[in-house]
Undergrad: 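I'd like to ask you about the structure that follows.
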Amino acid sequence: MRSCISPKNNSVAGRARQTGFTLFELAVAVSVIAVLAAVLLSRLVAVQQEAERVAVQQTVLALRAGLRMKVLELYAADRQNQLPALAGQNPIDWLAEKPPNYLGEYTAPQIEKLPQSHWFFNRSNAELIYVLNRGNTFGLGRSELLRFKVSLRQASATRAQPSIPDAPDVTLIQLGVAGGLK
């Protein structure tokens with residue numbers, strides 16, 4: 001038995017059996033995937049920057065709490081005269097556990113050779129410094145460093161704590177930028 005299929009029917013039957021993408025469909029699918037990947041990568045960078053900012057804020061809050069504990073410890077031991085010495089100390093030493101991205105103390109650091117997203121203490125000027133990831137600015141313009149220092153100021157006479165007259169105000173402040181981390 002010979003089947004009698006006309007060339008016209010043979011062409012239609014061949015198209016019906018064709019599976020897969022056409023070149024146009026493949027180009028559209030690749031374009032959609034590329035756009036989605038670009039959006040995902042941009043969001044990933046933004047999330048990484050926000051995570052770094054939050055990690056730095058948490059470390060600064062822990063450092064300030066450690067400083068408060070150290071000040072209270074000196075007051076409890078009636079050693080207020082040792083408060084000025086806090087201004088030259090490394091604030092990381094007051095933490096129960098050092099941050100995993102803490103490099104240590106340096107006397108003359110070559111900042112450009114230090115890894116990004118890490119803390120270090122500069123002994124020469126008693127500053128705690130955080131080296132920002134190059135893509136992250138925390139809204140600070142072009143600065144690549146966040147600098148912190150223990151500040152010791154004599155309290156004013158109109159202070160709200162009259163029970164501690166002439167007690168110095170000891171705080172960890174951010175240097176150089178008014179609109180920084182707080």
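On a predicted model such as this, the values are computed, not experimentally measured, just so you know.
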Undergrad: How long is the span from the CD atom in Gln116 to the CD1 atom in Ile111, to the nearest 0.5 Å?
TA: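 With rounding to 0.5 Å, CD (Gln116) is 13.0 Å from CD1 (Ile111).
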Undergrad: Would Val71 and Leu67 count as a side-chain contact (heavy atoms from CB on, under 4.5 Å) if you check the C-alpha gap in whole Å, the side-chain angles of each, and the deciding distance to 0.1 Å?
TA: CA-CA 6 Å; Val71 168; Leu67 175 61; 4.2 Å; yes
Undergrad: Mind checking the CZ-CD spacing from Phe121 to Glu105? Nearest 0.5 Å is all I need.
TA: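 CD of Glu105 is found 6.0 Å from CZ of Phe121.
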Undergrad: Just wondering, do Met69 and Trp94 contact through their side chains at under 4.5 Å, heavy atoms?
TA: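 Not touching, per the 4.5 Å side-chain cut-off.
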Undergrad: Looking only at heavy atoms, which two atoms of Ala87 and Ala126 are closest? And how far apart?
TA: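 For Ala87 and Ala126, the tightest heavy-atom pair comes out as O-CB, 3.9 Å.
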Undergrad: Are the side chains of Leu63 and Leu128 in touch, meaning some heavy atoms are under 4.5 Å apart?
TA: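 In contact.
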Undergrad: Which value, rounded to the nearest 0.5 Å, describes the distance between Asn125 atom CG and Thr107 atom OG1?
TA: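 Between atom CG of Asn125 and atom OG1 of Thr107 there are 10.5 Å.
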Undergrad: If you take all heavy atoms of Gln82 and Leu74, which pair is closest and at what distance?
TA: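 Heavy atoms only, the tightest pair is OE1-CD2, 3.4 Å.
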Undergrad: Establish, from distance only, whether the side-chain atoms of Tyr130 and Glu144 form a donor-acceptor pair under 3.5 Å.
TA: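 No donor-acceptor contact under 3.5 Å links the two side chains.
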Undergrad: Does atom CG of Leu23 have more than 12 heavy-atom neighbours from other groups under 6.0 Å away?
TA: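 It does not: Leu23 CG has 12 such atoms or fewer within range.
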Undergrad: Look at the side chain of Glu25 and the backbone N and O of Thr22, then say whether any donor-acceptor pair between them is shorter than 3.5 Å.
TA: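 Yes.
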Undergrad: So Val150 and Thr171, side-chain contact (heavy atoms from CB on, under 4.5 Å) or not? Walk me through it.
TA: CA-CA 6 Å; Val150 176; Thr171 58; over 6 Å; no
Undergrad: Is the side chain of Gln174 donor-acceptor paired with the backbone N or O of Arg147 at a distance under 3.5 Å, no angle test?
TA: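 Between the backbone of Arg147 and the side chain of Gln174 there is no qualifying donor-acceptor contact (under 3.5 Å).
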Undergrad: Would you say the side chain of Leu172 lies within less than 4.5 Å of the side chain of Pro91, judging by non-hydrogen atoms?
TA: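 Counting from C-beta outward, Pro91 and Leu172 do come under 4.5 Å.
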Undergrad: With a 4.5 Å heavy-atom cut-off, do Val131 and Pro115 have their side chains touching?
TA: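 No; the side chains remain at least 4.5 Å from each other.
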Undergrad: When you look at Val39 and Leu36, which way does the side-chain contact (heavy atoms from CB on, under 4.5 Å) test go after all the steps?
TA: CA-CA 5 Å; Val39 169; Leu36 290 174; 5.6 Å; no
Undergrad: Are Asn122 and Tyr106 side-chain neighbours, meaning at least one heavy-atom pair lies under 4.5 Å?
TA: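 A side-chain contact is absent here, since even the closest heavy-atom pair is not under 4.5 Å.
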Undergrad: Can you name the nearest heavy-atom pair linking Pro84 to Leu152, along with the distance?
TA: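 Result for this residue pair: CA-CD2, 3.1 Å.
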Undergrad: Rounded to the nearest 0.5 Å, how far apart are NE2 of His118 and CG of Leu103?
TA: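 Answer rounded to 0.5 Å: 5.0 Å.
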Undergrad: With distance as the sole criterion, is a donor-acceptor pair present between the side chains of Arg53 and Gln57 under 3.5 Å?
TA: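 Yes - a donor-acceptor pair under 3.5 Å links their side chains.
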Undergrad: The test is side-chain contact (heavy atoms from CB on, under 4.5 Å); show your working for Leu61 and Gln58 and say whether it passes.
TA: CA-CA 5 Å; Leu61 289 173; Gln58 291 299 319; 4.3 Å; yes
Undergrad: Taking everything shown except Glu97 itself, do over 12 heavy atoms lie less than 6.0 Å from its CD?
TA: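 Not buried by this count: 12 neighbours or fewer within 6.0 Å.
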Undergrad: Kindly assign one of parallel, tilted or perpendicular to the pair Trp119 and Phe148, based on the angle between their ring planes and the thresholds 30° and 60°.
TA: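 Tilted.
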Undergrad: Is the shortest side-chain heavy-atom distance between Ser117 and Leu132 below 4.5 Å?
TA: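 No; the side chains remain at least 4.5 Å from each other.
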Undergrad: Can you measure from CD1 (Ile129) to CG (Leu145) and round to the nearest 0.5 angstrom?
TA: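 One finds 6.0 Å between CD1 of Ile129 and CG of Leu145.
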Undergrad: Could you measure the distance from the CZ atom of Arg43 to the CD atom of Glu50? Nearest 0.5 Å is fine.
TA: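 The CZ atom of Arg43 sits 9.5 Å away from the CD atom of Glu50.
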Undergrad: Should Glu127 and Leu175 count as side-chain neighbours, where that means a heavy-atom distance under 4.5 Å?
TA: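 The answer is yes, as the side chains (C-beta and beyond) meet within the 4.5 Å cut-off.
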Undergrad: Can you tell if the side chain of Asn101 reaches within under 4.5 Å of the side chain of Phe120, non-hydrogen atoms only?
TA: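 Not in contact.
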